[in-house]
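The block underneath contains the structure these notes are about, expressed in structure tokens.
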Amino acid sequence: MYYNLSGLPTEVADVTGPDFKWGGFSYPDVPGGLSTCGVEDPAGCTLLAVNKNTADPELAMAFVTYALSVENDALMVEKAGITPATLDTEWPSTLVNIKPAFESVQVSLKSGGDIGSNADLAPTISENFIKLAAGQISADEFVANMTAAAKQ
């Protein structure tokens, strides 16, 4: 099992092939939790915006409108196999199994629970996550490092 975002099937399609079965789930609640798992999840972490200093904001907005159009969304799903950005676009067969997890979300959280906005912890999180993903530290070491950093 791999823990990753919904973009993973697209990124590894050449290795897995078209018949690989993908799935998805929301984290389960823990005893004494807030019972928000499955209804509050990070979903839709991509942002398209026009910077206030853009030389041609109308042209930039026209691109955003094109990028988010139903027609372009369907094309991106067909060609890249990504999750749709629009409600009426058909899901790719590789990701249709995770559609229920997306549909259950009632509150979209910021990516990573917005933990990256903590300027004191963000560098430590990034460093340790890279070490964890690279196999340089264990999950237990990651938790210990994060616990120590949070206490500082």
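Predicted model only: the values in this text are computed from it and were never measured.
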Salt bridge (Lys or Arg N to Asp or Glu O under 4.0 Å) partners of Glu71, counting only residues at least two apart: none
Side-chain cluster (under 4.5 Å, hydrophobic types only) that Tyr66 belongs to, other residues: Phe63
side-chain hydrogen bond (donor to acceptor under 3.5 Å, both in side chains) partners of Asp73, counting only residues at least two apart: Thr86, Thr89
Asn128/Met146 under side chain to side chain contact (heavy atoms under 4.5 Å, CB included): CA gap, chis, key distance, verdict: CA-CA 8 Å; Asn128 281 276; Met146 293 295 90; 3.6 Å; yes
CD1-CG distance between Ile125 and Asn145, expressed to the nearest 0.5 angstrom: 12.0 Å
Thr54 side chain vs Val50 backbone, donor-acceptor pair below 3.5 Å: no
Where at least one partner belongs to residues 128-149, residue pairs that pass salt bridge (charged side-chain N to carboxylate O under 4.0 Å, His left out), sequence neighbours excluded: Glu127-Lys131
Side-chain donor or acceptor of Thr65 paired with backbone N/O of Met61 under 3.5 Å: yes
All pairs passing side-chain hydrogen bond (donor to acceptor under 3.5 Å, both in side chains) where residues 95-107 contributes a residue, at least two apart: none
Any donor-acceptor N/O pair, Asn72 side chain to Ala67 backbone, under 3.5 Å: yes
Co-membership, hydrophobic cluster, residues Ile98 and Val96, 4.5 Å side-chain: yes
ring-ring contact (aromatic ring centres under 6.0 Å, His included) pairs, two or more places apart, involving residues 70-93: Trp91-Phe102
Same cluster (ILVMFWY, side-chain, under 4.5 Å), Leu121 and Phe129: yes
